[in-house]
There are 2 protein chains.
Amino acid sequence: MKLSESEENYIKSIYNLQIKTEKVNTNSLAVFLNTSPASITDMLKKLKSKKLLEYKKYYGFRLNEAGNTEALKIIRRHRLWEFFLVAKLGMEWDKVHDIAEELEHVSSPELINRLDAYLGKPKTDPHGDPIPDERGKVVLLKQKPLKDLAMKQNAIVSSVSSQGHEIMEMLNHYGIGIGSQIKVLKSFEFDGSLQIKIARKPECIISGMAAQNIYVYDN
Amino acid sequence: MKLSESEENYIKSIYNLQIKTEKVNTNSLAVFLNTSPASITDMLKKLKSKKLLEYKKYYGFRLNEAGNTEALKIIRRHRLWEFFLVAKLGMEWDKVHDIAEELEHVSSPELINRLDAYLGKPKTDPHGDPIPDERGKVVLLKQKPLKDLAMKQNAIVSSVSSQGHEIMEMLNHYGIGIGSQIKVLKSFEFDGSLQIKIARKPECIISGMAAQNIYVYDN
DNA sequence: AAATAAATTTAGACAAATCTAAAAATAATT
DNA sequence: AATTATTTTTAGATTTGTCTAAATTTATTT
């Protein structure tokens, strides 16, 4: 199926939101895509007519099987390019997202499969998110947001919800990266902020906002 | 300057046609871009308003300094990606054009300069065309179409005008590639076809059409 | 359950890039 | 030089993706 860049962005965003939050609605998708709710409705109709989405007016929407397959293809491309940019071109892991966002729309299957082989068929991208294989299979990791991690429980930072640079800049500042060993020392109910300890770093406090967007493997 | 994909394609095409043929006109550009003359006129106005083109109604058009600079950036990206696809991903040199056509529109300078370094700052792409450097400098090679090569003169195949797969398929069949040693044995005035000899291959005859689109270094 | 608030959709407009068909300008030919 | 042919441009329409503002539907409160 040939999709426009815009259609691809919507599909990918819906997929990503469906994973991290149960219910996706028009407004949250509009905020996520930095566009108006009216535009979302327009595109939902279009994706429905292309049979990629189940959608009932005012009721809700959800990618169907075909939509999921398309999403996984796009995500595979995105994550392979991110891996390439870090592993081969030596870019910083917190700066590759925007470039991958453009590269992901080049859809030649031969290109992507050769790239995959060239990179050694990596399992995860530099943010710790799994890379779907050629047939769309993803290893589902039991990640959870840091805010849901039990107190004093050791865990490994697995990924960061990839909306924008700002959070990554901050994490870099604290010395937090994918694979960092992390532990929550104290939780402040007032604003959801957490006192945390990263291995080999001083203790520090991060906001509730940050704690929602950092994901960990809880072993 | 931020340019749309379409604007980039027009600029690149104008640049390429200006190199290979003296006068570029509305109709030939329309044929080259597989679009209508009316669309060409529309875009010429737009590029003029962006000060990338000198253009007078009915009179003609030509990239100005700024337009040339933009063209060279796009061509640099295109050729670096072609090199990457062949050298790193092992793709066939006659199949990389279309994919590079898409990759070239990803315009992050950091990406392109890192890619350049990663590839070892190559001088030419797999078709033998020179890759502009970061500042837009191109090594101008004294290429000529095979049809203009003197009889029995040894030369090296340097490039192939890159419009489409068809010609490349044929060249592959004859065993002609970039770097092949080539000599014209006989020229048939009737239809411009040439009897040629490629080093370590049997003699063969190619059409006048082909002889116009194969370029050689004439030492 | 009525009133108010929030979320979603429609209606109508706009910009970009394209098209066809007709008009205008330039070039070629008799 | 008058006519014909070619090239180029205009006029007006279309598609895609977006917008704002208004209308509609659903959810929440009082």
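In the text below, chain A, chain B and the rest are named by the order of the sequence lines, each starting its count at 1.
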(request) Return yes if some donor-acceptor pair links the side-chain N/O of B:Thr69 with the main-chain N/O of B:Glu65 below 3.5 Å, else return no. (result)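 It does hold such a pair.
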(request) For B:Tyr174 and B:Ile205, indicate whether the former's side chain and the latter's backbone hold a donor-acceptor pair under 3.5 Å. (result)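 Checking the backbone N and O of B:Ile205 against the side chain of B:Tyr174, a donor-acceptor pair under 3.5 Å is found.
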Distance in angstrom units between [X] [atom1] and [N] [atom2], rounded:
{"X": "A:Met43", "N": "D:dT16", "atom1": "CE", "atom2": "P", "value": "10 Å"}
{"X": "A:Lys56", "N": "C:dT9", "atom1": "NZ", "atom2": "P", "value": "13 Å"}
{"X": "A:Leu3", "N": "D:dT15", "atom1": "CG", "atom2": "P", "value": "20 Å"}
{"X": "A:Glu8", "N": "D:dT16", "atom1": "CD", "atom2": "P", "value": "16 Å"}
{"X": "A:Lys45", "N": "D:dT16", "atom1": "NZ", "atom2": "C1'", "value": "14 Å"}
{"X": "A:Lys23", "N": "C:dA7", "atom1": "NZ", "atom2": "C1'", "value": "14 Å"}
{"X": "A:Ile40", "N": "D:dT20", "atom1": "CD1", "atom2": "C1'", "value": "15 Å"}
{"X": "A:Leu44", "N": "C:dT9", "atom1": "CG", "atom2": "P", "value": "7 Å"}

(request) Treat primed atoms plus P, OP1 and OP2 as sugar-phosphate and everything else as base, then score nucleotides 19-27 of chain C 5' to 3': B for base contact with protein heavy atoms under 4.0 Å, S for sugar-phosphate contact only, - for none. (result) BB---BSS-
How would you label the contact of [X] with the nucleic acid (heavy atoms, under 4.0 Å): base, sugar-phosphate, or nothing?
{"X": "A:Thr26", "result": "sugar-phosphate"}
{"X": "B:Tyr55", "result": "sugar-phosphate"}
{"X": "A:Tyr59", "result": "nothing"}

[X] vs [N]: side-chain N/O to OP1/OP2 distance below 4.0 Å:
{"X": "A:Asn25", "N": "C:dA7", "value": "no"}
{"X": "B:Ser6", "N": "C:dT18", "value": "yes"}
{"X": "B:Asn27", "N": "D:dT6", "value": "no"}

For [X], check salt bridge (charged side-chain N to carboxylate O under 4.0 Å, His left out) against everything at least two apart and list the hits.
{"X": "A:Arg62", "value": "none"}
{"X": "B:Glu7", "value": "B:Lys46, B:Lys50"}
{"X": "A:Glu101", "value": "A:Lys12"}
{"X": "A:Lys48", "value": "none"}

(message) Could you work out, with side chain to side chain donor-acceptor pair (under 3.5 Å) as the rule, every residue matching B:Asp133, not counting sequence neighbours?
(response)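 B:Asp133 satisfies side chain to side chain donor-acceptor pair (under 3.5 Å) with no residue once adjacent residues are dropped.
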